[in-house]
Amino acid sequence: MSWVALTTGFILILIGLYGALTNRNILRIIVSFSIANTGVNLIIVAVGYMASRTAPILDKTVAPTEALERIIDPLPQALVLTAIVIGVGVTALMLTYAFKLYEVKGTLDISSYKELKW
Amino acid sequence: MTRRFFVVLLLLGLIAIFANLLFNYAMDSELNQTARYYAKHTATDIGAANIVTAIIVTYRGLDTLGEVTVLFLTASIIGLVLARSKNKAQADAQPTQRSNQHKTRPFPSGELLTTGSDLLVPLILLLGAYVFINGHLTPGGGFQGGAILASAALLLLLTNPSRHFSHQLISKVESTSGLIFIVLGILGIFFAGGFLDNRLLPTGTLGSIFSAGIIPVIYSFIGLKVGAEFTSMMINLAETEKKQEKNK
């Protein structure tokens with residue numbers, strides 16, 4: 001089953017990169033980055049999945065003694081939790097800078113920002 | 001036109017790489033060494049039922065401290081960047097302020113939204129607190145609970161866009177919980193195994209609410225901190241927008 005999640009993740013990364021490279025509007029570029037970010041997170045979680053195992057939470061169904069055979073890899077989930085939170089921070093920062101750029105130039109079209117172009 | 005061509009070329013290359021990764025992917029049949037360590041030792045060493053929480057708060061607690069710091073930095077930078085433009089907008093808007101005063105709430109929100117948010121906000125706050133207090137037992141934890149708390153603030157903002165939130169309260173909650181997080185970590189050096197060690201309190205029985213040492217305490221403060229940070233980000237963005245509208 002994990003190939004479904006992997007394929008979706010790869011497709012989301014491709015959609016995000018395509019959007020970021022072809023769009024001219026800064027807000028659309030930010031949305032594209034968020035989509036690509038989601039794809040990466042999905043892939044990392046999918047890599048930790050293992051067939052016929054359950055979530056890494058010990059309770060009545062998974063006794064601590066049989067955890068080795070019953071749970072999936074908990075590490076990718078912990079890493080993705082970090083990545084999601086940092087992703088929110090990055091998106092908020094990008095939006096703030098987009099607002100600042102709009103305030104200075106009055107436009108969100110990236111082709112009118114030529115200061116760093118050579 | 002050539003630009004488009006290069007973009008398509010790049011994407012085709014990436015598709016080739018991704019297809020190669022996808023078709024040669026073999027699912028693990030047993031846990032790798034790190035995961036095996038966590039699966040074997042979490043119940044006895046940490047006492048947390050949720051292994052992901054044990055990894056985030058204790059095994060990789062330093063990582064989480066860094067993550068919280070990054071989030072704090074983000075919130076501060078947003079406050080700094082937007083505060084400047086706010087001041088500028090305020091100075092520009094000063095002469096026209098009186099004429100615009102009656103326009104502060106151009107569209108009063110509907111009965112449904114107002115009543116719905118009055119009903120839902122306490123429940124959402126309760127759910128957020130539940131999620132971060134039970135972070136060591138069930139799926140969830142400080143970050144998720146904090147995001148839920150912030151969503152209550154978002155609902156309040158949606159109902160009444162000109163609502164005033166106390167910046168002072170938010171920053172006090174944020175800095176106090178951050179400080180407590182670090183102090184608990186340092187106490188671990190003296191009274192337990194090391195920085196951010198959770199055995200400051202007894203680990204208790206697996207699966208009960210008072211278990212896993214100080215994990216629930218630390219995760220609750222992380223929840224408060226994350227909630228306060230997300231709320232301050234949203235409020236900063238919302239208030240700047242208001243000033244911008246007045247400016248026009």
Side-chain angles (χ1 to χ4, degrees), chain A residues 1-3 6-7 9-11 13-15 17-18 20-22 43 46-53 55-60 62-86 88-93 95-97 99-100 102-104, chain B residues 3-4 7 10-11 14-15 18-19 21-22 25 27-32 34-36 38-40 42-44 48-56 59-60 63-64 67 70-71 73-75 77-78 81-82 85 88-89 137-139 141 143-144 147 206-207 226 230 233 236-237 240-241 244:
Chain A
M1 268 311 275
S2 76
W3 66 270
L6 281 174
T7 319
F10 285 134
I11 291 173
I13 293 178
L14 291 174
I15 291 175
L17 278 181
Y18 177 79
L21 289 173
T22 53
I43 288 173
V47 165
Y49 177 75
M50 280 178 243
S52 68
R53 289 189 182 219
I57 293 175
L58 309 166
D59 54 7
K60 281 180 224 113
V62 185
T65 44
E66 53 173 13
L68 269 181
E69 290 80 40
R70 291 292 310 281
I71 63 164
I72 61 171
D73 195 345
L75 194 56
Q77 305 193 3
L79 293 181
V80 166
L81 181 58
T82 309
I84 291 173
V85 176
I86 300 299
V88 172
V90 170
T91 310
L93 262 189
L95 286 172
T96 311
Y97 290 146
F99 172 79
K100 202 70 189 166
Y102 180 79
E103 205 181 47
V104 172
Chain B
R3 222 185 113 85
R4 225 5 109 83
V7 169
L10 178 77
L11 288 182
L14 274 178
I15 287 174
F18 286 167
L21 285 175
L22 188 63
Y25 175 70
M27 202 186 286
D28 286 347
S29 56
E30 57 179 30
L31 295 174
N32 58 38
T34 328
R36 211 179 306 144
Y38 292 144
K40 222 188 262 176
T42 298
T44 49
N50 186 346
I51 297 178
V52 178
T53 302
I55 292 175
I56 287 177
Y59 286 123
R60 291 171 180 256
D63 229 15
T64 307
E67 181 186 357
V70 169
L71 209 58
L73 260 180
T74 313
I77 292 173
I78 290 176
V81 169
L82 292 183
S85 47
K88 199 173 138 245
L137 304 174
T138 52
F143 295 101
Q144 298 90 322
L206 186 78
V226 170
F230 282 176
M233 285 183 204
N236 273 325
L237 285 168
T240 315
E241 188 188 14
Q244 200 68 11

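Letters A, B, ... mirror the listed sequences (proteins, then strands); counts begin at 1. As the structure is a computational prediction, the values presented were derived from the model and not from experiment.
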CG on B/Asn236 to OG1 on A/Thr96, rounded to 0.5 Å
8.0 Å
Just give me the residue among A/Ile43, A/Leu95, A/Leu17, A/Thr7 that pairs up with chain B most often, heavy atom to heavy atom, under 4.5 Å.
A/Thr7
Contact class of B/Tyr25 relative to chain A, heavy atoms under 4.5 angstrom:
side chain
What is the distance from atom CD1 of B/Ile77 to atom OH of A/Tyr97, rounded to the nearest 0.5 Å?
5.0 Å
Select, from A/Leu79, A/Leu75, A/Ile72, A/Val90, the one with the greatest count of heavy-atom pairs under 4.5 Å involving chain B.
A/Leu75
Would you mind checking which part of B/Leu10 comes under 4.5 Å of any heavy atom in chain A, side chain (CB onward), backbone (N, CA, C, O), both or neither?
side chain
Taking every non-hydrogen pair under 4.5 Å, which of B/Asp63, B/Ile55, B/Val226 racks up the most with chain A?
B/Ile55
Any chance you could measure A/Leu93, atom CG, to B/Met233, atom CE, to the nearest 0.5 Å?
7.5 Å
Enter the distance from B/Phe18:CZ to A/Ile11:CD1 here, rounded to the nearest 0.5 Å.
11.0 Å
Nearest 0.5 angstrom please: A/Ile71 CD1 to B/Leu31 CG, how far?
5.5 Å
Contact class of B/Phe230 relative to chain A, heavy atoms under 4.5 angstrom:
side chain
Checking heavy atoms, do the side chain of A/Ala46, its backbone, both or neither come under 4.5 Å from chain B?
backbone
Given the rule in the side-chain contact (heavy atoms from CB on, under 4.5 Å) test, do B/Phe143 and A/Ile84 qualify, once you have shown the distances and angles that lead to the verdict?
CA-CA 10 Å; B/Phe143 295 101; A/Ile84 291 173; over 6 Å; no
Identify which of A/Arg70, A/Gln77, A/Arg53 forms the greatest number of heavy-atom pairs closer than 4.5 Å to chain B.
A/Arg53
Is B/Val52 close to chain A through its backbone or its side chain, or both, or neither, when contacts mean heavy atoms under 4.5 Å?
both
Please lay out, stage by stage, how A/Val85 and B/Leu71 fare under the test side-chain contact (heavy atoms from CB on, under 4.5 Å).
CA-CA 8 Å; A/Val85 176; B/Leu71 209 58; 3.8 Å; yes
Considering all heavy atoms of both residues, which atom of B/Arg4 and which atom of A/Thr22 are nearest to each other, and what is their separation?
NE-CG2, 3.6 Å
Which one of A/Leu81, A/Val88, A/Ile86 has the most heavy-atom pairs closer than 4.5 Å to chain B?
A/Leu81
How close do A/Ala78 and B/Ile56 get, heavy atom to heavy atom, and via which atoms?
CB-CG1, 3.7 Å
Give, as side chain, backbone, both or neither, the part of B/Thr138 having an atom under 4.5 angstrom from any heavy atom of chain A.
backbone
Leading residue by heavy atom contact count with chain A [cutoff under 4.5 Å; candidates B/Ile51, B/Thr34, B/Thr74]
B/Ile51
What distance separates A/Ile13 CD1 from B/Leu11 CG, expressed to the nearest 0.5 Å?
11.5 Å
Could you look at B/Ala19 and say if it's the side chain, the backbone, both or neither that has a heavy atom under 4.5 Å from chain A?
neither
